[in-house]
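One structure is given here, and the rest of the page talks about it.
Because the structure is a prediction, the values reported are computed rather than measured. In listed order, ligands and their atoms are each counted from 1.
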Amino acid sequence: MRTEHLFAPTLRQVSGEVELASHRLLLRGGFMRQLAAGVYSLLPLGLRVVRKLDTIVRQESDAAGAQEVLLPTLHPLELWEKTGRADYLGPELMRLKDRNGRSFCLGPTHEEVLTTLVGGEIRSYRDLPLTLYQIQTKFRDDPRPRGGLIRLREFSMHDAYSFDRDIPGLDRSFDIMVEAYHRILKRIGIPYDVVEASGGVIGGWDTKEFELRTESGESHYLRCLHCGYAATAEVANVAPPPMAEPTEEMLPYEPVNTPKAKTIEAVTAFLNLPAKRLVKTLLYTHNGRVVAALVRGDRELSEDKLRATLGGGKLQMADAATVERVSTAPVGFAGPVGLNPVTPGDECYPERSEGSRRFPIDIIADDELKGERNFVTGGNAADVHLLNVNWGRDFQVQTWAQIRDAEAGDLCPQCSHPLESYRGIELAHVFKLGAIYSNPLDAFFLDEDGQRKPVQMGCYGMGITRMIAAIAEHFHDDSGLIWPTSVAPFDVTVIPVNHDDATQRDLAERIYGELQAAGLDALLETRAERPGVKFKDADLIGIPGQVVVGRLAGEGKVEVRRRAGATRTVDATEVVPVLRELLLETCPR
Ligand SMILES: [Zn+2]
């Protein structure tokens with residue numbers, strides 16, 4: 001490819017709203033352009049990276065014995081209603097109707113479609129095991145798409161599904177696909193951590209995420225440097241700290257005016273108290289019933305742990321109307337006092353129990369609060385907080401459980417060493433689903449013993465478009481991108497320094513031909529631009545190999561370098577072997 005023919009409009013600057021380096025550099029390098037929030041067009045350079053990723057993913061999936069299929073993007077909504085996920089996903093599911101009024105959705109994942117397909121074809125245990133995969137466009141109506149290709153509403157994913165006759169078979173198929181994911185990531189050359197994670201809307205057990213460790217990531221996970229335990233903050237069940245009995249005397253509780261202080265930050269600033277003296281009261285609906293969850297002011301609630309504590313089921317943050325009805329106050333002032341009777345027969349703060357407020361409301365408190373006394377909570381009235389609130393005296397806790405996100409310094413559940421905290425970008429996610437989809441979607445087979453049994457499923461997903469962003473986030477410097485050779489849009493770019501110098505142009509042309517003949521993906525700089533512009537663009541685009549044809553062209557010598565690496569002057573005849581060696585070197589970071 002010659003640069004004069006390449007559609008790669010580079011930019012010197014992008015608007016200030018772009019936060020992530022990957023987002024900025026992929027825009028500046030002409031890899032992609034935004035069409036709408038969370039919707040991007042890939043330009044030739046971006047698509048070249050995708051194609052290389054696709055090839056690695058296909059080769060390793062095939063090697064793992066998986067077979068490629070291509071399932072529709074357009075799904076009848078009734079399939080999603082069968083598994084309950086139309087309701088569960090709510091507005092995240094992109095819905096539409098055809099001309100006859102029949103409801104469809106654009107698939108955010110393909111368990112429903114593939115389980116139905118396989119269920120209709122599988123007859124006996126002889127048809128199993130079976131693993132199928134695809135590389136497909138997915139849709140998710142994310143309320144806050146961000147970070148360029150990190151969180152999209154339309155994106156490309158590799159998703160694989162294994163079907164087995166029993167759990168030991170599922171375990172084997174799972175291990176094989178997990179191994180394939182390790183090989184894919186190693187071939188790409190991107191570092192990663194494997195962490196225990198939540199099944200989220202997919203469900204299942206033994207869920208793991210593959211995370212790129214980066215400060216700019218959205219995932220939060222913890223690792224034990226002593227024993228290797230790693231899990232996301234939502235699921236890490238940290239060892240309980242040694243629980244000292246509260247020593248403080250209980251003080252009489254007192255309401256205090258906190259005008260407009262609706263957030264932890266506002267309340268702590270107003271009362272001049274640290275956030276850990278506050279207790280947050282978060283109202284949720286669980287299977288249609290309101291519950292209150294309490295965590296310390298400096299902690300985050302883990303919805304995964306709260307859901308597990310409640311025995312699973314549908315858990316949603318209560319909407320504003322529910323919060324206002326239950327707390328008899330605007331959003332931001334809910335508290336535990338008065339939500340349930342403190343002693344049997346207690347009238348339960350009758351002055352506040354009028355109207356439509358329903359009692360009692362179950363309180364689930366994070367076990368860390370057991371040792372706390374005299375804390376601050378919302379006052380269940382506008383602009384009111386309560387000081388010196390104490391559990392047992394002022395309200396009852398129905399359930400004590402660990403319902404907070406784990407944080408740095410919490411203790412490892414395996415060896416009790418303090419955990420380290422990291423942020424990451426989720427690269428891949430694997431789940432054991434068992435029969436949670438086979439049962440509602442009727443995917444059964446006849447086993448050797450003559451019994452009709454549900455197929456045991458595993459599912460595996462790796463974001464392709466997100467992987468581009470993750471690679472760019474990890475491999476770049478101030479000048480631009482630094483692609484690992486595995487997925488670079490081109491292996492090498494040949495740059496004649498002076499466009500007007502025929503000797504340089506001819507030698508560049510010859511080397512370009514030799515590189516192509518040697519099977520390397522080469523880009524020849526043919527634009528009549530100043531040298532500075534050509535070098536800046538080459539560094540911005542980040543092609544790993546650079547051959548610079550300059551003043552020594554007359555002597556048959558050129559410079560070969562790795563993007564962001566050292567330069568070597570070599571004889572033009574040596575370019576191909578020298579480059580091959582250079583490209584095999586591991587990535588610079
Ligand atoms: Zn440990």
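- Residues Gly424 and Glu211 approach most closely at C-OE1, 3.3 Å, considering heavy atoms.
- The side chain to side chain donor-acceptor pair (under 3.5 Å) check on Tyr284 picks up Glu303, with sequence neighbours excluded.
- No donor-acceptor contact under 3.5 angstrom links the side chains of Asp159 and Tyr133, judged on distance only.
- Note on residues 172-183: pairs passing salt bridge (Lys or Arg N to Asp or Glu O under 4.0 Å), not counting sequence neighbours, are Glu60-Arg183.
- Within the protein, the N, O or S atoms lying under 2.8 Å from the Zn ion (ligand 1) are Cys224 SG, Cys227 SG, Cys412 SG, Cys415 SG.
- Side-chain contact annotation: Ser173 with Asp164, donor-acceptor N/O pair under 3.5 Å present.
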Just distance, no hydrogens or angles: give the donor-acceptor pairs under 3.5 Å from side chains in residues 229-240, sequence neighbours left out.
none

